[in-house]
Amino acid sequence: MRPPATMRILLLLVAGFATAALAQPANPNAEVRAAAQAFADAQLHGDRATLERMLAPEFLFVRGSGRVGDRRDFIDGFTAPGHRLEPLTTANPLLLRVSGDVAIVGGEAWIKGNDGGTPIAEHFRYSDTFARRDGRWVVVYTQITALPAR
């Protein structure tokens, strides 16, 4: 005996919701946080392979000066000989889910290191826009706003 039409519709809806729930990651924000940490670590360690994997082909980077760079500029800057960073300090972290497949991660950071023999110390706010593509998070846009040094 077939269930009544309303019961069949209800069963289809429940099955649809269960399937949708299974397709979603258990904690999508944890995935974004992990991707953001991997991105930060790749910058800190000058890890070219990870940066190449994590930056979208159309990636844009807006520096504190307002100058716009592309993927190659960003990767080359963090992997140049003589470029060394100390672990950075962050504050006021931000994670904003714009949609299921887009998130903005940001905060305030202080960074120190050496760039080709020149000591660097910077204080800035940053935002990294991540997009989920083919099941993984990639960075499509980064913007830095310079802040006064402390």
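Just so it is clear, the values below take in all heavy atoms, side chains as well, and ignore hydrogens, waters and symmetry mates.
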Hey, does [Y] have a side-chain heavy atom less than 4.5 Å from the side chain of [X]?
| X | Y | value |
| --- | --- | --- |
| Ile144 | Phe61 | yes |
| Ile104 | Phe130 | no |
| Arg136 | Met54 | no |

Check Ala35 against Trp137 and note the closest heavy-atom contact, atom names and distance.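 What the structure gives for the nearest pair is CB-CB, 3.7 Å.
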
Which heavy-atom pair separates Gly46 from Thr79 by the least distance, and what is that distance?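 Minimum heavy-atom contact is O-CG2, 3.4 Å.
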
Quick check: is [Y] connected to [X] through a chain of hydrophobic side chains (ILVMFWY, heavy atoms under 4.5 Å apart)?
| X | Y | value |
| --- | --- | --- |
| Ile120 | Phe78 | yes |
| Val32 | Val138 | no |
| Val62 | Ile111 | no |

For Arg71, run the side-chain contact (heavy atoms from CB on, under 4.5 Å) check against Leu55, Leu51, Leu60 and tell me which one passes.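 Of the listed residues Leu55, Leu51, Leu60, the side-chain contact (heavy atoms from CB on, under 4.5 Å) partner of Arg71 is Leu55.
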
Set of residues satisfying side chain to side chain donor-acceptor pair (under 3.5 Å) with respect to Thr129, sequence neighbours excluded: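 Thr129 satisfies side chain to side chain donor-acceptor pair (under 3.5 Å) with no residue once adjacent residues are dropped.
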
Residues in side chain to side chain donor-acceptor pair (under 3.5 Å) with Arg72, at least two apart?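 Result, side chain to side chain donor-acceptor pair (under 3.5 Å) vs Arg72: none returned.
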
Give every donor-acceptor pair under 3.5 Å between a side-chain atom in residues 80-97 and any protein atom, sequence neighbours left out.
from: His83; atom 1: ND1; to: Asp115; atom 2: OD1; distance (Å): 3.3
from: Asn92; atom 1: ND2; to: Glu108; atom 2: OE1; distance (Å): 2.9
from: Arg97; atom 1: NE; to: Ser99; atom 2: O; distance (Å): 3.4
from: Arg97; atom 1: NH1; to: Pro28; atom 2: O; distance (Å): 3.4
from: Arg97; atom 1: NH1; to: Asn29; atom 2: OD1; distance (Å): 3.1
from: Arg97; atom 1: NH2; to: Gly100; atom 2: O; distance (Å): 2.6

Sequence neighbours left out, what passes salt bridge (Lys or Arg N to Asp or Glu O under 4.0 Å) with Arg48? Give chain and number order.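 Arg48 satisfies salt bridge (Lys or Arg N to Asp or Glu O under 4.0 Å) with Glu52, Asp76 only.
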
Salt bridge (charged side-chain N to carboxylate O under 4.0 Å, His left out) contacts touching residues 57-66 (sequence neighbours left out):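 Applying salt bridge (charged side-chain N to carboxylate O under 4.0 Å, His left out) to every pair that reaches into residues 57-66, excluding sequence neighbours, yields Glu58-Arg133.
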
Atom pairs and distances, donor-acceptor, side-chain atoms in residues 38-45, under 3.5 Å, two or more places apart:
from: Asp41; atom 1: OD1; to: Gln37; atom 2: NE2; distance (Å): 2.9
from: Gln43; atom 1: NE2; to: Phe39; atom 2: O; distance (Å): 3.2

With under 30° as parallel and over 60° as perpendicular, where do the rings of Phe124 and Tyr126 fit, or are they tilted in between?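 Correct class here is perpendicular.
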
Plane angle bin for His123 and Trp110 - parallel if under 30°, tilted between 30 and 60°, otherwise perpendicular: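 Trp110 and His123: parallel rings.
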
Aromatic ring centroids of Tyr141 and Phe59 under 6.0 Å?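 No, the ring of Tyr141 stays outside the 6.0 Å limit from the ring of Phe59, centre to centre.
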
